[in-house]
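Just below is one structure, and these are the notes that go with it.
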Amino acid sequence: MITIESKNLNFKCGYAAILGEPNVGKSTLMNSILNTKLSITTHKPQTTRKKILGIYSDDNSQIIFLDTPGLIEPKYLLQKKMVEAINSALKESDIIIAVVDTNKRSIGNFNETIVPLLRSARDSQLKFLAINKIDLITKEELLQIIDSLSSKFKFDEIIPVSALTGFNVKELTETIKKYLPLHEPYYPTDILSQEPERFFISEIIREKVFELYHHEIPYSTEVIIAEYKERTGSKDYISAEIIVERDSQKKIIIGKNGEALKKVGQRARKDIEEFVGKSVFLELRVKVREDWRNNQRLMKDFGY
Ligand SMILES: Nc1nc2c(ncn2[C@@H]2O[C@H](COP(=O)(O)OP(=O)(O)O)[C@@H](O)[C@H]2O)c(=O)[nH]1
Ligand SMILES: [Mg+2]
């Protein structure tokens, strides 16, 4: 028997980069569009370090989102790599979604952070503005913000959203779809990301470090999955290393009688189990890698 595969000639597909200052809600927005917690989010800036690809697919379209680290002045090598991740996402995208949130600082910095970036983009790239966290302001305040920002740059679309409550997020997705080029899907339509499971597991652990420690600790921490053993008949075994820069940080991570580290493990295990859909045994070790954030070779090992 001969079967003729029917191709959907109307299929639309393209890349959308999500860019903006730290903490405006870029990762929350991507997660909300994808309806999954793919990218880790915390109340601390600079949680996202690498470009994270999230794939939205439906019957007629595929949007490949690139969630990026926040726009920052790089002070150490790790931050330089973070900026490189932003630039490469910018180059690859058909649509640039600039995200601001509704607080005064974000709006005030718009001219210095967002505008130059958009000016450096190609004419053929579409430029959207997503004004996030509108759950925190009144309608009048929103209208003022739209008024002020639309006078500073000519966007193709301006869309107010609340990534947290999901308000208007569907409309944002629909608007992106309208502008996508005709193209067959770049990725299988049943996957959400091309990153391996291990990456997301290390990110979940890193998120807990961001939640539970303060000051320089989260920024000095990297998480490596040393071993992941699937076991039939018993829990999967995961061994992870929490890397810090100094011995004093190692002590803080572990805490008195290991209490602090235990908390990281408990919280991470819960989320990992939800992510992989089964019970796991999670073992955490803390290691010191002197000044890793400035060490080219170590950073390469860590995937930057
Ligand atoms: N109130 C409110 N908070 C939000 C919204 N979106 C994100 N947040 C919060 O803002 C913080 C930063 O979010 P995150 O997605 O990590 O920001 P990113 O650094 O831009 O990726 C987190 O505490 C989020 O819960 C929103 O629409 N409304
Ligand atoms: Mg983020």
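First listed ligand is number 1; within each ligand, the first listed atom is number 1. Computed from a predicted model, the values in this text were never measured in an experiment. The figures here come from the full heavy-atom set of this structure, side chains too, leaving out hydrogens, waters and symmetry mates. Throughout, numbering of the chain's residues begins at 1 and tracks the sequence.
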(message) Tell me whether the rings of Phe110 and Phe155 are parallel (<30°), tilted (30 to 60°) or perpendicular (>60°).
(response) tilted
(request) Using non-hydrogen atoms of the residue, decide whether Val24 is closer than 4.0 angstrom to ligand 1. (result)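 The answer is yes, since Val24 has a heavy atom less than 4.0 Å from ligand 1.
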Decide, yes or no, whether a salt bridge links [X] with [Y] under the criterion of side-chain N to carboxylate O below 4.0 Å.
{"X": "Arg267", "Y": "Asp271", "answer": "no"}
{"X": "Glu174", "Y": "Lys178", "answer": "no"}
{"X": "Arg206", "Y": "Glu203", "answer": "yes"}
{"X": "Glu283", "Y": "Arg285", "answer": "yes"}
{"X": "Lys177", "Y": "Asp58", "answer": "yes"}

Below the 3.5 angstrom mark, is there an N/O of [X], backbone or side chain, next to an N/O of ligand 1?
{"X": "Thr47", "result": "no"}
{"X": "Thr165", "result": "no"}
{"X": "Ile40", "result": "no"}
{"X": "Asn132", "result": "yes"}

So how far is it from [X] [atom1] to [Y] [atom2], rounded to the nearest 0.5 Å?
{"X": "Glu211", "Y": "Lys263", "atom1": "CD", "atom2": "NZ", "value": "11.0 Å"}
{"X": "Ile224", "Y": "Ile201", "atom1": "CD1", "atom2": "CD1", "value": "13.5 Å"}
{"X": "Leu282", "Y": "Tyr237", "atom1": "CG", "atom2": "OH", "value": "9.0 Å"}

Examine the proximity of ligand 1 to [X] and report which part, side chain or backbone, both or neither, has a heavy atom under 4.0 Å away.
{"X": "Leu136", "value": "side chain"}
{"X": "Leu164", "value": "both"}
{"X": "Thr42", "value": "backbone"}

Closer than 4.0 Å to some heavy atom of [X] - which atoms of ligand 1 meet that?
{"X": "Ser27", "result": "15 (O), 21 (O)"}
{"X": "Asp135", "result": "1 (N), 2 (C), 26 (C), 27 (O), 28 (N)"}
{"X": "Thr41", "result": "15 (O), 16 (O)"}

(message) Distances under 2.8 Å only: what protein N/O/S atoms are near the Mg ion (ligand 2), ordered by chain and residue?
(response)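 Checking every protein N, O and S atom gives Ser27 OG, Thr48 OG1.
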(request) Check whether Leu142 and Phe167 end up in the same hydrophobic cluster, where Ile, Leu, Val, Met, Phe, Trp and Tyr are linked by side-chain heavy atoms less than 4.5 Å apart. (result) yes
(request) Compare His43, Glu207, Lys133, Lys26 and give the one whose heavy atom is closest to atom 8 (N) of ligand 1. (result)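 Result: the heavy atom closest to atom 8 (N) of ligand 1 is in Lys133.
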(message) Just to verify, which of Glu84, Gln296, Glu222 counts as forming a side chain to side chain donor-acceptor pair (under 3.5 Å) with Tyr304?
(response)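 Per the side chain to side chain donor-acceptor pair (under 3.5 Å) rule, the option paired with Tyr304 is Glu222, out of Glu84, Gln296, Glu222.
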To which protein heavy atom is [atom] closest, and what is the distance rounded to 0.1 Å?
{"atom": "atom 19 (O) of ligand 1", "result": "Asn23 N, 2.8 Å"}
{"atom": "atom 15 (O) of ligand 1", "result": "Thr28 OG1, 2.5 Å"}
{"atom": "atom 17 (O) of ligand 1", "result": "Gly25 N, 3.1 Å"}

(request) Identify whether NZ of Lys or CZ of Arg in Arg198 sits under 6.0 Å from the centre of the six-membered ring of Tyr228 and within 45° of that ring's axis. (result) no
(message) Looking only at the aromatic ring of each residue, does the gap between the centers of Phe128 and Tyr179 stay below 6.0 angstrom?
(response)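 That pair passes the under 6.0 Å test.
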